[in-house]
Protein chains: 2
Amino acid sequence: MPLLEPLYNIVELCALHGISDAIICPGSRSAALTLAFARNSRIRTRVIADERSAAFVALGMAMQSGDTVALVCTSGSAALNFAPAIAEAYFQEIPLLILTADRPPEWIHQYDGQTIFQENIYGKHVKKAYNLPVDYNHKDAQWQMQRLANEAIHLCQSVPKGPVHVNVPIREPFYPEGNERVFPIVQQVYFIPQKAVLSSEAWVDLLDIWQKSERKLIAIGQNSEDLNEELSGLSVEEGVVVLADIISNVGVEEKISSHDVFLSKAQNLKPDLLITVGKSFISKGFKQYIRNHKPSYHWHIQPHPDLIDPTQSISHKIEVSAKYFFKELLETTDLQKLKTGDEEEENDYFLEWSGLKEVSLRYLNKFLNNVDFGELKAIAMLLESLSADFVLHLGNSMPVRYANILGGISKEGFEVSANRGTSGIDGIVSTAIGQALKTTKTVVCLVGDVSFFYDSNALFFGELPQNLRIVMINNGGGNIFRIIDGPSKQDELESHFVTSQTRTAESLAMESGIRYLKATNMIEMAEGLEIITKGDPRAALLEVFTDGQADAEIFKALKAGFIL
Amino acid sequence: MPLLEPLYNIVELCALHGISDAIICPGSRSAALTLAFARNSRIRTRVIADERSAAFVALGMAMQSGDTVALVCTSGSAALNFAPAIAEAYFQEIPLLILTADRPPEWIHQYDGQTIFQENIYGKHVKKAYNLPVDYNHKDAQWQMQRLANEAIHLCQSVPKGPVHVNVPIREPFYPEGNERVFPIVQQVYFIPQKAVLSSEAWVDLLDIWQKSERKLIAIGQNSEDLNEELSGLSVEEGVVVLADIISNVGVEEKISSHDVFLSKAQNLKPDLLITVGKSFISKGFKQYIRNHKPSYHWHIQPHPDLIDPTQSISHKIEVSAKYFFKELLETTDLQKLKTGDEEEENDYFLEWSGLKEVSLRYLNKFLNNVDFGELKAIAMLLESLSADFVLHLGNSMPVRYANILGGISKEGFEVSANRGTSGIDGIVSTAIGQALKTTKTVVCLVGDVSFFYDSNALFFGELPQNLRIVMINNGGGNIFRIIDGPSKQDELESHFVTSQTRTAESLAMESGIRYLKATNMIEMAEGLEIITKGDPRAALLEVFTDGQADAEIFKALKAGFIL
């Protein structure tokens, strides 16, 4: 058996299990993996030098497609540069198969180059960490490698999806003699997923609570499953309130959004029954409202066993998929209505939320009509310009906050994503590039200047996908610190928090070949949006210049009006 | 007691223990630490947004000064971006105190923003990881915090020096009410280091070996301790061969360098007694030579207990400082000479090495006189232009290899450093900036294009130190893969290994305000070097354009001549 064959087999197993994309970071120790991926006709490889950016690109691809993306690097600190994106993948439940080449164990901590402690290097931020054997002459060791590879690849996709680490110690020689392209037959294991359903006994108990709860609220956090039909049915037929953060991807007419505008001051919105679905909520106001106004019952629908309770109120943890749950619930309640002859109902609770929603949207629209150009206005204009042909990837810090407040004013139907697993600012543009590679829609990345420059290497990802649009709000620093209460009162605000910067993206854009546009006022913004959303099919970067101080004042004025 | 007081106390303890520099990454959760550092008159703070670059800047500062540098970030993936520099610090034994703000433990993995598993996040790449209590109302908890802070700060400097992690969970509120500047009295613990010496019994045994070993070789790996007097004495008076990698900072006239030129083909250089000092050796040829020609005795001098043996030949591990050891050795052998009346001696073994060194240097000089302009020539010219007023920081991959081969032709007396702890390409420019901040000498960073662009955010570190010079060799990609044997024979050489790129540093230089110079031939190179080493006291970047293919051919031709 050729020495490198067991390494090629890992890659062949990836292909057999349906992995179709790999991001490769160049290196010598990892060469056998690189070559096996490059020479596998069923897998498309892309090569990126900055491992931090590379891992975020892989994250974006897996986020968009739902499929596992393989990620390969050489030994040493390369593996550590993957870590920020892996933590994000863990908390956002994105499937990544991380293959890190390693020195053989006997050379670790012997002052040899590119040798660090790679075993379990991602700690608790991977679902599982495998360490492959370094010697595989014995046939049991070969069997072990295949077994572990099968298990690792499967584990990425099992619920909850997530990153899985396979550390691969490799001895020299790293390169095959010739251009070997024949791969050996390997043993693929088929995994048969079990479908989780609820017993009829469980349904009896739940329906009892459902019926005796008058004020029902369904709240959706970060989510990409299409629940529109079921949620619309429950809303129209049962008068259930559906509250949806902008990253919930819920497109139901009756839904409540822009709830940050009224929630902090609302008094009488406590539900009897709260049902939550999805991962994190952007709206701090919503989480705090529920913490302070605990529902009698709180069902959290989540098909895996971790107990995650950011509103501190869960009474029932229901381990099935949200789609299955709402479908069953809707059918059962429909059937009961048929039996009892009840009508569709709009109850007081529903009307109260709807009323607040109307008032909020009127307030937002009026405020936006009168406000000067700045980041608020720019983001509102962007949201209004998008339609179902777009994916909007929101940067952390301010973009995601603005978008959630303004959610109600945007048109329907475009997908929304954000790195809310760890809420880092470290790989936002790279993630959007990854998404653009895996969709035919146009991906718009809304990002602040600090995040954009942090991840500027993203622009030098080989050839940028033409369906990428970056809208960067440049107000000269981390303006969030001017907006939140604490730091704005400190002497060190500018020096130690805002970290003012005077860069613009123009020269980076020129170097990377992406079309560059800029906007400093409403007219230029409208023109810029017209070009990037309709006029020009090429990748583009729209840099929006606003004044940080003025932006902070506008935001404070907007919030002052939240007292309805 | 004000809520944030125990956090201020940690910073006050840093000052009491002599920490004078802190690198701050902006964040809200970490605000109390940021403010305490900013307001402590004995500590100078610098603020950097990209945590990866920030940590390498701190590394460079601690590398240059030997003093502990504090490094502060907020919660979430920020902490993970520190990891590459921390691994480098661990293996290079550089003292860093890493303070990561964290969410309180009850909010971890609850879909709350910027919350990851921070406890022990750096795994085995820190000397120790502390997790401070989140509640400190009880006086025992306050005592615990101070005790742990004292211990952590001390541990950075105890042998072997290295990074220490203090994770600091912090509840809201993050900001003090006003601009508090009064710090409470804290309890500083004084640590009294023990001085390691050898017993007279141990000396008797060692001197017995010393006397019966005719062929003695002292080899120095990465080292910054000044051993010149002792090594010169041993070389001149005892005829000991001193072999010094370029990162050994040994300035002894008799030393052997450029040993890569002859070691791979040498036959009769096996020592009876090998003494090694320092951390990693760049020269793979040296390590392999000793592995294949094991000495009868091998003493490794290292004042801490890890057993690290890259030549696979250690017979005695001697846990004292190299300075103490060589000083004692020299005095004892001097004394014996006095007693016995022996003369200074140049033995055959010494003459054999010296002869090979002479031949090598003649070969190198002849080759360099006839070679076309390219990266080899450019690096040779740089080495020849430096003197004792400079610190040379070598990038990994090719720069460090070239410099070690060419070591013998350079002038004496300039300091040399390199990130050979992990040999990563990820933070080379940032490290050099950190060094420049802590020395009055001029720091020259020699770096390849892939490494330079990987770390391009380094240039946007506030105001660049004026004593920084970057010499970047731009040959359009990771040319090392053209030079080492394996990848150059693969079809995927260009696409999956070299990762060709066409960027130049000019626009980055313009944006960051650093003076930009370029060189495409020998005359421009000489002019550029003249300006950056003598003519202009400002920070400058000299981009040297060479042809990757031609560079690879030149390198192969150079190596072909190594068969002496």
Side-chain angles (χ1 to χ4, degrees), chain A residues 24 26 28 31 34-35 38 47 49-50 52 76-77 80-81 83-84 87-88 109-114 116-117 120-121 123-125 173-175 179 221 279-280 308-310 420 422-424 426 450 453-454 456-457 460 478 484 486-487 489-492 495-497 499 501 503 507 510-511, chain B residues 24 26 28 31 34-35 38 47 49-50 52 76-77 80-81 83-84 87-88 109-114 116-117 120-121 123-125 173-175 179 221 279-280 308-310 420 422-424 426 450 453-454 456-457 460 478 484 486-487 489-492 495-497 499 501 503 507 510-511:
Chain A
I24 308 286
S28 211
T34 299
L35 295 173
V47 183
D50 180 343
R52 179 168 75 188
S77 58
L80 286 171
N81 283 285
E88 177 63 32
H109 199 5
Q110 293 299 305
Y111 292 147
D112 220 30
Q114 297 196 337
I116 65 173
F117 301 117
N120 295 316
I121 196 168
K124 294 162 82 176
H125 296 115
F174 304 143
Y175 296 87
N179 272 309
K279 292 183 280 283
S280 63
I308 301 178
D309 185 15
R420 295 304 284 182
T422 69
S423 305
D426 33 13
V450 175
F453 291 114
Y454 199 110
S456 62
N457 280 350
F460 300 92
I484 57 178
K489 292 178 188 150
Q490 309 296 329
D491 286 353
E492 290 84 355
S495 63
H496 282 71
F497 293 94
T499 48
Q501 58 83 22
R503 292 180 80 176
S507 62
M510 200 156 52
E511 262 194 286
Chain B
I24 307 285
S28 211
T34 299
L35 294 173
V47 183
D50 181 342
R52 179 168 74 187
S77 58
L80 286 171
N81 281 285
E88 177 63 33
H109 200 3
Q110 293 297 304
Y111 292 148
D112 220 32
Q114 296 195 337
I116 66 173
F117 300 117
N120 294 316
I121 197 167
K124 294 162 81 175
H125 297 115
F174 303 144
Y175 296 87
N179 272 309
K279 291 183 281 283
S280 62
I308 302 178
D309 185 15
R420 296 304 284 182
T422 70
S423 305
D426 33 14
V450 175
F453 290 114
Y454 199 110
S456 61
N457 280 350
F460 300 92
I484 57 179
K489 291 178 188 149
Q490 309 295 327
D491 285 352
E492 290 83 355
S495 62
H496 283 71
F497 293 93
T499 47
Q501 57 83 24
R503 293 180 80 177
S507 62
M510 201 156 48
E511 262 194 286

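Chain naming here is simple, since letters A, B, ... match the order of the sequence lines and numbering starts at 1 in each.
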Is it the backbone or the side chain of [X] that comes under 4.5 Å from a heavy atom of chain B, or both, or neither?
X        : answer
A:Pro173 : neither
A:Ile116 : both
A:Gln114 : both
A:Asp309 : both

| field | Which atom of B:Ala83 lies closest to which atom of A:Leu80, heavy atoms considered | value |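 Residues B:Ala83 and A:Leu80, closest heavy atoms: O-CD1, 3.5 Å.
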| said: Restricting to non-hydrogen atoms, name the atom on A:Ala49 and the atom on A:Pro26 that form the minimum distance, rounded to 0.1 Å. | reply: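 Result for this residue pair: CA-CD, 4.0 Å.
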So which part of [X] gets closer than 4.5 Å to some heavy atom of chain A, the side chain, the backbone, both or neither?
X        : value
B:Thr422 : both
B:Asp50  : both
B:Asn457 : side chain
B:Tyr454 : both

| message | Once ring-ring contact (aromatic ring centres under 6.0 Å, His included) is applied, do any residues pair with A:His125, and if so which ones, sequence neighbours excluded? | response | A:Phe91, B:Phe117
| query | What residue, out of B:Thr34, B:Ile484, B:Ile24, has the most heavy-atom pairs lying under 4.5 Å from chain A? | reply |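 The answer is B:Thr34.
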| field | Flag, side chain of B:Gln501 to backbone of B:Arg503, donor-acceptor distance under 3.5 Å | value | yes
| message | Once side-chain hydrogen bond (donor to acceptor under 3.5 Å, both in side chains) is applied, do any residues pair with B:Ser280, and if so which ones, sequence neighbours excluded? | response | none
| Pairs of heavy atoms under 4.5 Å with chain B: top-ranked of A:Gly424, A:Pro310, A:Gly478, A:Ala87 |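 Ranked by contacts with chain B, first place is A:Pro310.
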